[in-house]
Amino acid sequence: MKAKSIISFVSHIDSWRARHVSERMFVLFLAFMVVLLSAVAAYLLLWFINKIILLLTGGFDAASFNLLYLVYPVVGIFVTMLFVRYVVKDNISHGITRILYAISQNRSRMKAHNMWSSVVASGITIGFGGSVGAEALIVLTGSAIGSNLGKLFRLDSRTLMLLMGCGAAGAIAGIFKAPIAGLVFTLEVLMIDLTMASLMPILVSCVTATCFTYIFSGNAVLFTYHLDNVWTLERIPACVGLGVFCGLVSLYFIRTMGFCEDIFARFKDKPLIKLLMGGTLLSLLIFLFPSLYGEGYSSINLLLNGNGQGDWTQLLNNSLFAGQEKYLLLYVGLVLLTKVFATSATNGGGGCGGTFAPSLFVGCFSGFFFSRLWNTYQIGVYVPEKNFALMGMAGVMSGVMHAPLTGIFLIAELTGGYSLFLPLMIVSVCSYLTIIIFEPHSIYGSRLAKEGKLITHHTDHAVLTLMQLDSVIDRDFLSVSPDTELGQIVHKISRTQGMVIPVVDAAGSLLGEIDITKIRHVVFRIELYHHFTASQLMKQPSAVLNDSLPMTVVMNTFDATHADYLPVLDRDGHLKGYLSRQHVFTQYRKMVADMSED
């Protein structure tokens, strides 16, 4: 009863809105509401995480290791696994990848639980030490709020996609107080085209989210940074070298993450084994390298604000290396290598978190590690470690996400480091140019790209990705068995609209097809109606399609075979229907026209 009342109330509002408010103004209003709700969700999540961390680790002795680092992560992953398995009952990992999937394969529609489930799950995971980030899950939450709010008012898929982009842009802008980075992130990572219709709602989202974050948290910033050493042209070779190094680190990050995910995927039906594997590995790594605990932002701030060996040595606190400053470079290098394993173990074991924060963490450690080696061996002019730690964050983010503009603007806005804008550009561009040699897609897009389900800015490819094979299949066909006589086939021809009659066996498997245009020489000869059967008249189709094929493959098959009709089979090999070349191209042209409208 309550649900019907809500639907009725929304219908009345929608009717009033249609009469008094323009579509564009209504979308701007919804963008504002999406960001308002997203900002509240982000604030609650970060507050939740900080409270758990303070409760669990506030009393730790910095001068020695602590055995509780072996316990907390396992408890966090276990509780998260129970929450997802028995409360959510759905997969909520890979936040940004799920957004891309919803855009490309689900008409920008996301499930209602995504508006809150990721906040709870990631809060528990990260608070107990999971070595992942909350940003991707907040982005997922914002996009889910946009999608579900749009569904409530029965908006079309195009507008839903825009509202999802508003939620994502607002999430990034709000978390980091970086409105330009939020806008650029939506364009680069979510592949939402910048048109006059989409620019204003996304800008409203970014500005609104940033303002709300200032209201909630004041002037405090996520990372503090003060430029002590002005950049000079003599450091260009070092910046280029750092960019290439960050590109290679990004490659290591993506490939290692994929390798670990494949291992955990083998035990997808055995959650306790995954928990044991992931929890044991994560606990051991955090025990050895406490910097891996949680998001690791305190370690980033330490590297960005340290003024020498004495400050940087604090990284070794709570570890077996505590007080041994001669092992600082070794420690940083080991943390750099093991962060990706800690992140994979967290998610693979049953936790919930994103790779946004880990890429920033790895980038900061990469920049510090590179500059420390550069200065130690006096490869060139002196380079300030804190500046290069900052630039490393932009470099690895650009490489891992394939988003150089996001890396540049996010780090510049995040730290107020606009005086390093040129070196940030050099590092980000060099990192991106390095990674694309080996990986054509980002860590978020690679999973979907393998399945042909990734949206890109290329209009033709985007349309084919958005077009669902299931939506263009013609299921209204008349089939015959192989022993059907010609007379009965002629009767079927008079009742069908297509040009092909499939021949199937008793189980529904396709044996062949009869092309109506090729049997004219016998159709009008009544004396032959009992002399020919379907098995004698049928031929094999030019190609057979599977219902799981991406539309790019379907279109290539039509081009290669020059066929007008192609059969589509399901997973069991049963005939599902037929695709008409003309129908597919008509649908394609309509979608291109829709996407081209402002």
Side-chain angles (χ1 to χ4, degrees), residues 133 135 172 176 178 180-181 184-185 188-189 222-223 225 227 229 231 235-257 296-297 299-301 303-304 332-333 335-337 339-340 343 355-375 379-380 383-444:
E135 293 75 17
I172 294 297
F176 299 110
I180 299 177
V184 175
F185 172 85
E188 280 192 305
V189 179
L222 202 55
F223 303 123
Y225 173 79
L227 181 65
N229 203 308
W231 185 77
R235 293 175 185 154
I236 289 180
C239 290
V240 173
L242 175 61
V244 174
F245 179 68
C246 287
L248 296 175
V249 170
S250 302
L251 177 65
Y252 166 77
F253 191 100
I254 294 175
R255 293 278 177 88
T256 307
M257 184 74 72
Y297 285 166
S299 297
I300 293 177
N301 275 312
L303 292 179
L304 293 181
V332 170
V335 169
L336 169 63
L337 292 174
K339 177 65 175 180
V340 63
T343 300
T355 55
F356 203 108
S359 68
L360 290 175
F361 181 92
V362 170
C364 185
F365 274 67
S366 297
F368 182 85
F369 183 81
F370 177 89
S371 57
R372 195 75 175 155
L373 279 179
W374 181 280
N375 291 331
I379 299 173
V383 294
E385 285 89 345
K386 59 189 295 185
N387 290 6
F388 271 62
L390 179 72
M391 292 186 286
M393 294 168 69
V396 172
M397 172 175 283
S398 300
V400 169
M401 298 185 184
H402 280 43
L405 289 176
T406 302
I408 294 167
F409 282 104
L410 179 63
I411 303 306
E413 288 186 288
L414 199 56
T415 59
Y418 282 101
S419 356
L420 293 176
F421 207 74
L422 182 58
L424 280 173
M425 292 176 67
I426 294 173
V427 173
S428 295
V429 170
C430 290
S431 175
Y432 177 71
L433 293 177
T434 301
I435 187 67
I436 60 173
I437 296 173
F438 307 98
E439 286 287 344
H441 300 287
S442 71
I443 192 169
Y444 303 128

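Owing to the predicted nature of the structure, the values given are computational and were not obtained by experimental measurement.
- When all heavy atoms of Cys239 and Val427 are compared, the closest pair comes out as O-CG2, 3.6 Å.
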Inset, instruction - Report the C-alpha distance between Trp374 and Leu242 in whole Å, list the side-chain angles of each, state the deciding distance to 0.1 Å, and finish with yes or no for side-chain contact (heavy atoms from CB on, under 4.5 Å). - result: CA-CA 10 Å; Trp374 181 280; Leu242 175 61; over 6 Å; no
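- Note: Ile300 CD1 to Cys364 SG = 5.0 Å, rounded to the nearest 0.5 Å.
- Rounding to the nearest 0.5 Å places CD1 of Ile180 at 11.0 Å from CG of Leu405.
- The closest side-chain heavy-atom distance from Met401 to Ser359 is below 4.5 Å.
- Among all heavy-atom pairs drawn from Ile436 and Leu433, the shortest one is CG1-O, 3.5 Å.
- Two residues are said to be in side-chain contact when any heavy atoms from C-beta on lie closer than 4.5 Å; Ile254 and Ile435 meet this criterion.
- Note that the CG atom of Leu373 and the CZ atom of Phe368 stand 10.0 Å from one another [nearest 0.5 Å].
- By the 4.5 Å heavy-atom criterion applied to side chains, Pro384 and Arg235 are counted as neighbours.
- Scanning both residues, Pro358 and Gly133, for their nearest heavy atoms gives CD-N, 3.8 Å.
- Checking side-chain atoms of Thr256 against main-chain N and O of Phe253 turns up no donor-acceptor pair under 3.5 Å.
- Within the structure, salt bridge (charged side-chain N to carboxylate O under 4.0 Å, His left out) pairs that include any residue of residues 397-406 do not occur (at least two apart or interchain).
- Aromatic ring centres of Phe388 and Phe245 lie farther apart than the 6.0 Å criterion allows.
- Residues Val335 and Phe361 have side chains in contact (heavy-atom distance under 4.5 Å, counting atoms from C-beta outward).
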Legend entry - Derivation of the side-chain contact (heavy atoms from CB on, under 4.5 Å) call for Cys246 and Phe370: CA-CA 9 Å; Cys246 287; Phe370 177 89; over 6 Å; no
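- Taken from OG1 in Thr355 to CE in Met397, the straight-line distance is 9.5 Å, to the nearest 0.5 Å.
- Side-chain contact check for Phe356 versus Phe176: some heavy-atom pair is nearer than 4.5 Å.
- Contact detail for Leu360 and Ile411: the closest heavy-atom pair is CD2-CD1, 3.9 Å.
- Side-chain contact between Trp231 and Ile426 is present, with heavy atoms from C-beta onward closer than 4.5 Å.
- The salt bridge (charged side-chain N to carboxylate O under 4.0 Å, His left out) analysis of residues 384-401, with sequence neighbours excluded, yields the pairs Asp228-Lys386, Arg372-Glu385.
- Side-chain atoms of Tyr252 do not come within 3.5 Å of backbone N or O of Val340 as any donor-acceptor pair.
- Looking only at side-chain heavy atoms (C-beta outward), Ser366 and Leu336 come within less than 4.5 Å of each other.
- Of all non-hydrogen atoms in Glu413 and Ala181, the two that sit nearest each other are OE1-N, 2.8 Å.
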Inset, instruction - Verify side-chain contact (heavy atoms from CB on, under 4.5 Å) between Leu304 and Met393, making sure each step is shown before the conclusion. - result: CA-CA 11 Å; Leu304 293 181; Met393 294 168 69; 4.2 Å; yes
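- In this structure, Leu251 CG and Phe438 CZ are separated by 6.0 Å, a value rounded to the nearest 0.5 Å.
- Ring geometry, Tyr432 versus His402: the interplanar angle exceeds 60°, so the pair is classed perpendicular (tilted spans 30 to 60°).
- The heavy-atom pair separating Leu390 from Leu424 by the smallest distance is O-CD2, 4.4 Å.
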